[in-house]
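Note on naming: letters A, B, ... go to the chains in the order of the sequence lines (proteins, then strands), and numbering restarts at 1 for each one.
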Protein chains: 2
Amino acid sequence: MSITERKERDKKEMRQAILDAALHLFREKGYDAVSIRNIAEAIEYSPATIYLYFKDKNDIFFALQYEAAAVKRDHLLPVATIVDPWERLVEFGRRYIDFGMKHPGLYDLLVIIRAPMESLETQECWALGLSVHQFFEDTVQACVDARYFKSTDSKTIAYTLWCHAHGLVSLFVRDRMRMYPPEEREEMARKSFAMLLKMAEHL
Amino acid sequence: MSITERKERDKKEMRQAILDAALHLFREKGYDAVSIRNIAEAIEYSPATIYLYFKDKNDIFFALQYEAAAVKRDHLLPVATIVDPWERLVEFGRRYIDFGMKHPGLYDLLVIIRAPMESLETQECWALGLSVHQFFEDTVQACVDARYFKSTDSKTIAYTLWCHAHGLVSLFVRDRMRMYPPEEREEMARKSFAMLLKMAEHL
DNA sequence: GCATCTACTGAACACTGTTCATTATCTTTG
DNA sequence: CAAAGATAATGAACAGTGTTCAGTAGATGC
């Protein structure tokens, strides 16, 4: 069976080569500015070949979105080993922001919507994101159970923290902080995170 | 001079007709899914005609972005009459969120970046947004001056509040709240805003 | 060695943004 | 009122796009 095995390996490698080239180009020029022909040229194959591995251009996009979601999960889930729920929550937040600042391209990818939840890839990607979100909500619930907050409305607490973190990252990623000097932006993010933690103690 | 006047009026009307048709189509199908030919068809003119009124497709986009920024400003700036800085700030926040929820298409438009600050439209649009942001920061400063917060770091305070509001709106606008039932989403936003206000009192 | 199957491609189709020479219409002048 | 000039609108074209499909070269199985 080594031949069929090799063939399958080749197929996966080709698929990955397309994804790698596509991600590289997307991050450089943006999704819509990259053509199938550009990707084909990058991997030195004909445009038609790409359609043997992906249904269409959106399919490539969804595959990348899934990859980004996986990277995000791998970046966040290690905090699961932290026993104390408050410490776990803090570290989760820190890593969430860290992920966004380190991989603005991936974060942006995750927030773009294309064609309302049609493809299987989207479903899978969504399911992955959902499980991470569930972990986050569980951690908040654990904090509530351990009386770390005065409020017991863990749903609203989680949502509020999420708003802050997502807002912070997405202002950064979408370049909405041009009124602050570039070298200050990261420190502002750190300060704001620290401020939110202080505020959260009075929740 | 009534003829030249009428001509200028016609020109403005035509320009506006193009913008109206474009906004309608963009909000319905997204920027990239709308073609110049679609817009031309909507206003019942030839595609080439559009280029007599706009440099290119991006120019239309920037004009719409400017319009959205103006709508946002008109939605927010009435709070300037509120004398008490804290009340002014609260009402500003409420209206900011209200604007985003009521006009998701416009909010989204404002957050999209196309071609890094090239056109004059962008500059104008950015300047408009900046002045509103300045008003917001001034209001926060006024709150600090009036000892509404323990902290005196008005810059970080403003940024933190902004993160929350923008995060809240953009999670809503970009449909990242699919894990919550649709009918709950607005209430969650309200609750979270209230929670942030409570937290801010301990700032 | 031959048939089958697989991976790949060139050419085509209908679309896109954009330009430009040409036409049609309105305004001004003689 | 007619001719000249200015202006507005367009059809046709160009190079690019996503996508499909008949056809081909080469590896695989018998």
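- Atom P of nucleotide dT17(D) and atom NZ of Lys57(A) are separated by 9 Å, given to the nearest angstrom.
- Ring orientation note: the planes of Phe136(B) and Phe92(B) are close to parallel, at an angle under 30° on the 30°/60° scale.
- Taking atom CG of Asp59(B) as the reference point, atom P of dG17(C) lies 14 Å away to the nearest angstrom.
- As rounded to whole Å, 11 Å separates atom C1' of dG18(D) from atom CD1 of Ile60(A).
- The nearest whole Å value for the distance from the OH atom in Tyr53(B) to the P atom in dT7(D) is 13 Å.
- Atom CZ in Arg15(B) sits roughly 15 Å away from atom P in dA9(D) (whole-Å rounding).
- Straight-line distance from the NZ atom of Lys55(B) to the P atom of dG17(C): 15 Å, rounded to whole Å.
- Ring geometry for Tyr107(B) versus Phe99(B): interplanar angle of 30 to 60°, hence tilted.
- Rounded to a whole Å, the CG atom of Asp56(B) is 18 Å from the P atom of dG16(D).
- The Tyr51(A) side chain lies nearest to dG18(D) when the options are dT19(C), dG18(D), dT16(C).
- Proximity note for Ser35(A) (side chain, C-beta onward) versus dC8(C), dT17(D), dA9(D): the nearest is dT17(D).
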Checking Asp84(B) against Tyr148(B) for the side-chain hydrogen bond (donor to acceptor under 3.5 Å, both in side chains) test, could you report, in this order, the C-alpha distance in whole Å, the side-chain angles of both residues, the deciding distance, and whether it holds?
CA-CA 11 Å; Asp84(B) 181 71; Tyr148(B) 273 98; 2.5 Å; yes
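- A salt bridge is defined here as a Lys NZ or Arg NE, NH1 or NH2 lying under 4.0 Å from an Asp or Glu carboxylate O, and Arg95(A) with Glu91(A) meets this definition.
- Not a single salt bridge (Lys or Arg N to Asp or Glu O under 4.0 Å) links Glu87(B) to another residue, sequence neighbours left out.
- Surrounding NE2 of His133(B) are more than 12 heavy atoms belonging to other residues, nucleotides or ligands, all under 6.0 Å away.
- Ring geometry, Tyr31(B) versus Phe61(B): the interplanar angle exceeds 60°, so the pair is classed perpendicular (tilted spans 30 to 60°).
- Electrostatic pairing of Arg190(B) and Glu187(B) does not count as a salt bridge here, judged by no charged N lying under 4.0 Å from a carboxylate O.
- Contact check of residues 19-28 of chain B against DNA chain C (heavy atom, cut-off under 4.0 Å) returns no residues at all.
- Side chains of Gln16(B) and Tyr53(B) form no contact here, defined as non-hydrogen atoms less than 4.5 Å apart.
- Among the heavy atoms of the strands, none lies under 4.0 Å from Phe54(B).
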So which protein N/O to nucleotides 9-14 of chain C N/O distances come out below 3.5 Å?
from: dT9(C); atom 1: OP2; to: Ser46(A); atom 2: N; distance (Å): 2.9
from: dT9(C); atom 1: OP2; to: Thr49(A); atom 2: OG1; distance (Å): 2.5

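- Here the C1' atom of nucleotide dG18(D) and the CG atom of Asn38(A) are 12 Å apart, to the nearest Å.
- Regarding contacts with the backbone of dA7(C), a side-chain N or O of Lys11(A) is found under 4.0 angstrom from either OP1 or OP2.
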